[in-house]
There are 2 protein chains.
Amino acid sequence: MKVTIIDVATHAGVSKATVSRVINKNPNVNEEIRQKVLHSIEELGYLPNAFAKNLAKNTSNVFGLILPDITNPYFPILARGIEDASHRLGYSLFIANTDNNPDIEQEYIDKFISQQVAGIILISSSLDELKVKKLSELSIPFVLCDRFIMDSPFDTVSIDNYKASYEVVKHLINKGHKDICHLSGPLNVQSANRRKQGYVDAIKENDLEPCILYGDFNFESGYQLMKTILEDKNPSAVFAGNDLIALGAMNAIQEAGLTVPEDISVIGCDDILFAQMSRPKLSSISIPAYQIGVTAVDMMVDRIKGVSTQPRNLVLEHKFIERES
Amino acid sequence: MKVTIIDVATHAGVSKATVSRVINKNPNVNEEIRQKVLHSIEELGYLPNAFAKNLAKNTSNVFGLILPDITNPYFPILARGIEDASHRLGYSLFIANTDNNPDIEQEYIDKFISQQVAGIILISSSLDELKVKKLSELSIPFVLCDRFIMDSPFDTVSIDNYKASYEVVKHLINKGHKDICHLSGPLNVQSANRRKQGYVDAIKENDLEPCILYGDFNFESGYQLMKTILEDKNPSAVFAGNDLIALGAMNAIQEAGLTVPEDISVIGCDDILFAQMSRPKLSSISIPAYQIGVTAVDMMVDRIKGVSTQPRNLVLEHKFIERES
DNA sequence: CTGAAAGCGCTAACAT
DNA sequence: ATGTTAGCGCTTTCAG
């Protein structure tokens, strides 16, 4: 049978209020009694029932994390940052995969609210004005990652994808590249959209010809898109929408008997584990995923504690890591 | 303000007991009233408070998942399987990273029990008889993944690492390889231990000379170990303890000016995403990580429902995927 | 088929 | 400094 606060109280010969005080480190407890209670707790192996506690306090120490797919290698790092920060601050973490399906996303939001989470960290690709409005009517804080929304009521953490992309393409141009292709992710994902725009602007400013192919943020897509390109083009550089696309593209290039970066430079974007492994061949825009996660939790806690009241849009610094000099 | 079951009851002009019945699909409710209640729920945007529900029922619909590190690419797939299955069955999922630290592991176990999880799925490297005994005294079911423990009171799901390893080494031998090295993970991790043993037995049975180096289950380790080997040996095949080690080894081999698999065959073990990408160069023992996750949850539910009472040790089938013929 | 009321384990006034 | 008690929101007998 489970041991409750009453068992402890009985065992220690005090009231449950006193036990509660000891548990919650309320200073108004006689040291002697305090020790006795602590001893009873130890003896009985008592663990407080979080349901009862949260119900009584009408709060919880759980965050919900909703993301597209934990098997997409960008997300474990983000998730790890979020989990570490949550744990450090005494929170537990729910996790949910949406596969970018808005219905499933909503389902999880409802589920988490039903579970009384203290806040939800959301990585969503389907977030329009309407949805944001609906969410803001829920009485629970959201922090949005990788998604900057103008005038939204929510805190957001992201990097400047436009700038990152613009800079890296500019850099390629300065190195003399004239035929630079872009393998983009789906445009309904904001990061893909911004990256594409940075590419386009940098290309146009230099009177070059844009060449964009669209796919998904995965290896297979990169492989297929690159194969398509190689059929009738011969670019000297490729800017991939993320690292998985970059790795897929590298495979296709090598399969075609060309080498990276001698024949074609490939630039990725994410700096995920396996892209790091391809060092020194693959240069990449390095996104501080872990830091984004930690920051998201920090913002959430500030919001919950009332430290911050206005929505903040934090933009973290990216880096460009050039692996071949 | 949050809307409770009483708000709904008032709105619909019934008692909260009736609302409760509607929510829980109790058939003993007049269809007309039922509709009225449903309508009120919709209208008010009511979401039941899981704390109150679980407190009243003394159950919960949450599982806890405790694993070493979600950024190790084997685990996201497992975690995804677990999350999918949990969600399908109406459970939420906590996630926790231990970095293989027994203290942190215990901390999370206590935390999750305090949170009243219905069960814990544990991937642990530090599980001796004593720990198992302590866990079994807790009034909560555990399912152990990738860890078979004789006579333990817990359900386990794993593959036969010994057999997988033995077979693959045998296979190499049959193909004529005589110098086969093994890059092992840490022996306190059971899977590493069993894989090593399978290697040793296959090698000895054929009067060959074992050659084993120990490291961690990561890329860097594989890279370093392989470099070390290449300094004074020239194996024709390498059996890596997992896919990260295999990828690291491949990098070292290629850096040394040799090619895979022409000069040296490399066999991995895990079949993680990035190893799949290295196709067709890297053959691998394919571990059904997703399926292990799903199975773990199924076993957990059977246990909770009382369908199964005796501890079961499920061994899932692995495959060998030969990428180069 | 529906309502009233007790109780799940804990917290937080309010008393003492 | 400690005990008493009224909830927190929901389920579940038990009556009717």
Side-chain angles (χ1 to χ4, degrees), chain A residues 1-38 40-41 44-62 90 110-111 113-118 139-140, chain B residues 1-38 40-41 44-62 90 110-111 113-118 139-140:
Chain A
M1 203 44 213
K2 283 196 177 165
V3 22
T4 76
I5 199 172
I6 292 200
D7 300 323
V8 177
T10 309
H11 184 103
V14 297
S15 77
K16 55 181 188 158
T18 301
V19 177
S20 176
R21 288 191 186 98
V22 171
I23 293 168
N24 296 295
K25 304 193 197 305
N26 182 320
N28 298 337
V29 179
N30 182 302
E31 180 58 25
E32 209 166 312
I33 292 197
R34 187 191 155 62
Q35 288 305 329
K36 199 157 57 179
V37 171
L38 250 21
S40 296
I41 289 178
L44 300 176
Y46 168 71
L47 286 175
N49 181 324
F51 288 159
K53 172 172 184 167
N54 292 329
L55 180 58
K57 301 186 71 164
N58 194 29
T59 65
S60 88
N61 45 198
V62 177
D110 288 346
K111 189 177 182 186
I113 290 179
S114 188
Q115 305 263 29
Q116 311 297 119
V117 296
S139 54
I140 166 183
Chain B
M1 204 42 216
K2 282 192 175 164
V3 22
T4 75
I5 198 171
I6 293 201
D7 300 322
V8 176
T10 309
H11 183 103
V14 297
S15 77
K16 56 182 188 157
T18 301
V19 177
S20 175
R21 289 193 185 96
V22 172
I23 294 168
N24 296 295
K25 307 193 193 308
N26 182 320
N28 297 337
V29 179
N30 182 301
E31 182 57 24
E32 208 165 313
I33 292 195
R34 188 190 153 63
Q35 288 304 329
K36 200 157 56 176
V37 171
L38 251 20
S40 296
I41 288 177
L44 300 176
Y46 168 71
L47 287 175
N49 181 326
F51 287 158
K53 173 171 184 168
N54 291 328
L55 180 59
K57 300 186 71 163
N58 194 29
T59 65
S60 92
N61 46 215
V62 177
D110 289 346
K111 189 177 181 184
I113 290 179
S114 187
Q115 304 264 29
Q116 311 295 121
V117 296
S139 55
I140 166 182

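The basis for the numbers below is simple: all heavy atoms, side chains too, and nothing from hydrogens, waters or symmetry mates. In what follows, every chain begins at residue 1, and chains take the letters A, B, ... in the order their sequences are listed.
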[N] [atom2] sits how many Å from [X] [atom1], rounded?
{"X": "Ile6(A)", "N": "dT4(D)", "atom1": "CD1", "atom2": "C1'", "result": "12 Å"}
{"X": "Asn49(B)", "N": "dC8(C)", "atom1": "CG", "atom2": "C1'", "result": "13 Å"}
{"X": "Ile33(A)", "N": "dG3(D)", "atom1": "CD1", "atom2": "P", "result": "6 Å"}
{"X": "Lys16(A)", "N": "dC10(C)", "atom1": "NZ", "atom2": "C1'", "result": "7 Å"}
{"X": "Arg21(B)", "N": "dT2(C)", "atom1": "CZ", "atom2": "C1'", "result": "6 Å"}
{"X": "Asn26(A)", "N": "dA13(C)", "atom1": "CG", "atom2": "C1'", "result": "13 Å"}
{"X": "Asn54(A)", "N": "dG7(D)", "atom1": "CG", "atom2": "C1'", "result": "16 Å"}
{"X": "Leu55(A)", "N": "dG9(D)", "atom1": "CG", "atom2": "C1'", "result": "6 Å"}

Looking at [N], I'd like to know if its phosphate oxygens (OP1 or OP2) sit under 4.0 Å from a side-chain N or O belonging to [X].
{"X": "Asn28(A)", "N": "dA1(D)", "answer": "yes"}
{"X": "Thr18(B)", "N": "dG3(C)", "answer": "yes"}
{"X": "Ser20(B)", "N": "dT11(D)", "answer": "yes"}
{"X": "Ser15(A)", "N": "dG3(D)", "answer": "yes"}
{"X": "Asn24(B)", "N": "dT11(D)", "answer": "yes"}

> Under 4.5 Å between any side-chain heavy atoms of Asn49(A) and Gln116(B), yes or no?
Replying inline: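 With C-beta onward as the side chain, the pair touches.
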> Going by heavy atoms in the side chains, are Ile23(B) and Ile5(B) under 4.5 Å from each other?
Replying inline: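 Yes; the side chains approach each other to less than 4.5 Å.
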>> Nearest to the side chain of Ala56(B), heavy atoms from C-beta on, is which of dT2(D), dC10(D), dC10(C)?
In response: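 Closest of the options to the side chain of Ala56(B): dC10(D).
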> Do side-chain atoms of Asn30(A) reach the backbone of Glu32(A) as a donor and acceptor pair under 3.5 angstrom?
Replying inline: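 A pair under 3.5 Å: yes.
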>> If we ignore hydrogens and angles and just use 3.5 Å, is the side chain of Asn24(B) paired with the main-chain N or O of Asn26(B) as donor and acceptor?
In response: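 Not a single qualifying donor-acceptor pair exists.
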>> For Thr10(B), run the side chain to side chain contact (heavy atoms under 4.5 Å, CB included) check against Ile6(B), Val14(B), Asp7(B) and tell me which one passes.
In response: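 The side chain to side chain contact (heavy atoms under 4.5 Å, CB included) with Thr10(B) is passed solely by Ile6(B) among Ile6(B), Val14(B), Asp7(B).
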> Which part of the nucleic acid, if any, lies within reach of Val19(A) when heavy atoms closer than 4.0 Å are counted: base, sugar-phosphate only, or nothing?
Replying inline: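 Contact class for Val19(A): none.
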> Taking for each residue the nucleotide of DNA chain C bearing the nearest heavy atom, is the 5' side occupied by Thr4(A) or by Ala17(B)?
Replying inline: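 This one resolves to Ala17(B).
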